[in-house]
Every structure is written in C-alpha cells, then in structure tokens.
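Let me begin by presenting the structure, written as structure tokens, before commenting on it.
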Number of protein chains: 2
Amino acid sequence: MTAKTYTPRTAAAGVEAALGLVEGRWKLLILFHLFDGKVLRYSDLERAIPEISQKMLAQQLRRLEADGLVARTAYDEVPPRVDYRLTPWGQALCPALDAFLSWTERRDDESPPRPAA
Amino acid sequence: MTAKTYTPRTAAAGVEAALGLVEGRWKLLILFHLFDGKVLRYSDLERAIPEISQKMLAQQLRRLEADGLVARTAYDEVPPRVDYRLTPWGQALCPALDAFLSWTERRDDESPPRPAA
DNA sequence: CTGTATCCTCAGAGATACTG
DNA sequence: CAGTATCTCTGAGGATACAG
C-alpha cells in the first residue's frame, strides 16, 4: 500500500477482512475494556457496557473468541465463573487502532476547506 | 491506547468513527483504486469495479466526498465529465491500513492453536 | 452467574428503470 | 457521461423470556 505495487482488489480484500474482525457496534468497545491485560468476567463486561444486551455480548464474545482475539476461560465452580482476556494477537491490535486514531486527528491539519457534513 | 491511560468508551468511539468512514463493502475498494494519486472518472470506476451498481458507486462517492476523503471535480463540458481523486487526508489513510494489514499477517506467528472457525 | 431462544425492526445493500 | 428514483431483500441489532 505504501509501496507502489499492489492490486487494489487484493489489498482491499485483505484490509476488509481485518476490519471485519473488529466491525460492528460492540466489538471495539469490548476489546477496549480488555486492553492492557485486563481480565473480566461476563458480568463485569455487562456492567462496563450497560447498553449492550446479553444476546449481543455473548454473541460478540463468541465471535472474538472464534477469530482468535479473545480467550475464554470457564471455571467449573458452583456459581459458574467465566472470564475473558485478550490473546497476544488481540493485544497486537493496538498499533493499528492507534494509526486510525492519529489519522482522524490529522483531519483538521490537512483538509482546510471541509465542505460540511 | 498504547498509553495506559485511556477511557475505553472514548477511545472506542474515536476508532469506531474512523472505521465508519471506511466501512461498507465498497469504500475501501474505491479508495484503493484512487491511492497513489490516481485520478479517475466515474466511468473509470465503474469499469474498475464491475460488480458495483451505479447507485452504490454514486452513493459511496458522495459519502467519501462529504467525509473529506475524496475530491470531486465536475467540468462544464458538453459530454459531462467528472473526476475523482483522493484528498491529502485521504492519502494519509495508507499507514493505518498498512497497520491493519500487518496485524492480520501476524496471526499465524502468535496464535498457534487457532480453534477453527 | 452465564448464558440461549424467539420475535421484531430497521438501515444497508442490490436490481431495475429512468433523466439532464 | 454521470448520475437519480423506486422497490425489495437481507442480516445486524434489539427486547424479552427462559435455562443450566
């Protein structure tokens, strides 16, 4: 991409696949609550993200786990206990997210006209 | 994000907004065709992305323009002519996209088990 | 506590036809 | 050439109830 030799369709497909792993209204929110090595239980996440429904929380956690971003640990205890943390690969998402953040912050520097929304 | 002091909700919202500018099935494909300073007409883009409908092409171009990523130039000629190119800010998206691409490429290095889809 | 199952709504996306 | 106007379909997301 930085290079001059790329195939638009291939590069776009690659980035799109990566974006898909993080897409949707909730995944990023969940990931940000787990960044920096934090380990949270299902109910911790419910409290941290009050607007999410149980369905969406469970569903997105399943997807993040299937995609290898999040690790789920279930303890066989009498009140069930399950916790979630990021995998090393999940943690490695940070730089990419940072790059996006700094890109948005450059908006005002480089696009003076800005034709309004 | 790399820093230890961030508010999950704020950071997530920021990244989500940035991702929104690039979301959807077509925007990345359009952007990749315009990277590297290329200037394309509407019909060039139609040819470059044959599966896109006129509606979606026009709609996504409007959005990219409104968001300040793409610049539209209409020439007042007898067969209408319009071309599209990236704004400087649009060009500046590359590093962020690169970061995402290198992240996906690290998957196999760091997540040996991979529980299948 | 940690989830599933069901039903519903709505915006994104596609097909097709038409226009300055 | 460069679009707009409709219509329809689909799937993400949400509300609510139930279960191990």
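Quick note on labels: first sequence line is chain A, next is B, and so on, each numbered from 1.
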[X] near the nucleic acid: base, sugar-phosphate alone, or nothing, with a heavy-atom cut-off under 4.0 Å?
X: B:P79; result: nothing
X: A:Y84; result: sugar-phosphate
X: A:S43; result: sugar-phosphate

N/O contacts under 3.5 Å, protein versus nucleotides 6-11 of chain C?
none

Between [atom2] on [N] and [atom1] on [X], what's the gap in Å once rounded to a whole number?
X: A:D83; N: C:dG3; atom1: CG; atom2: P; answer: 10 Å
X: B:I30; N: C:dA13; atom1: CD1; atom2: C1'; answer: 13 Å
X: A:E46; N: C:dT4; atom1: CD; atom2: P; answer: 12 Å
X: A:Q59; N: C:dT4; atom1: CD; atom2: C1'; answer: 12 Å
X: A:I52; N: D:dA15; atom1: CD1; atom2: P; answer: 11 Å
X: B:M56; N: C:dG12; atom1: CE; atom2: C1'; answer: 7 Å
X: B:R81; N: D:dG3; atom1: CZ; atom2: P; answer: 13 Å
X: B:L28; N: C:dA13; atom1: CG; atom2: P; answer: 12 Å

Nearest to side-chain heavy atoms of B:P80, which nucleotide of D:dA2, C:dG3, D:dG20: D:dA2
Taking only the side-chain nitrogens and oxygens of A:R72, find out if one of them lies under 4.0 Å from OP1 or OP2 of C:dT2.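 For C:dT2, neither OP1 nor OP2 has a side-chain N or O of A:R72 closer than 4.0 Å.
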Kindly say if A:R41 contacts the phosphate of C:dC1, meaning a side-chain N or O under 4.0 Å from OP1 or OP2.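 No, A:R41 has no side-chain N/O under 4.0 Å of OP1/OP2 on C:dC1.
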In chain order, what residues pass the side-chain contact (heavy atoms from CB on, under 4.5 Å) check against [X], with sequence neighbours excluded?
X: A:R63; value: A:K27, A:Q59, A:Q60
X: B:V70; value: B:L31, B:L34, B:L64, B:Y84, B:L86
X: A:A71; value: A:R85, A:T87
X: A:E46; value: A:Y42, A:S43, A:Q54, A:L57

B:F35 side chain reached by B:L97 side chain, heavy atoms, under 4.5 Å: yes
Taking the side chain as every heavy atom from C-beta outward, state whether B:F32 and B:I49 have any atom pair closer than 4.5 Å. no
List the atom pairs, donor and acceptor, that lie under 3.5 Å between side-chain atoms in residues 9-16 of chain A and the rest of the protein, sequence neighbours left out.
| unit_1 | atom_1 | unit_2 | atom_2 | d |
| --- | --- | --- | --- | --- |
| A:R9 | NH1 | B:E51 | OE1 | 3.4 |
| A:R9 | NH1 | B:E51 | OE2 | 3.1 |
| A:R9 | NH2 | B:E51 | OE2 | 2.9 |

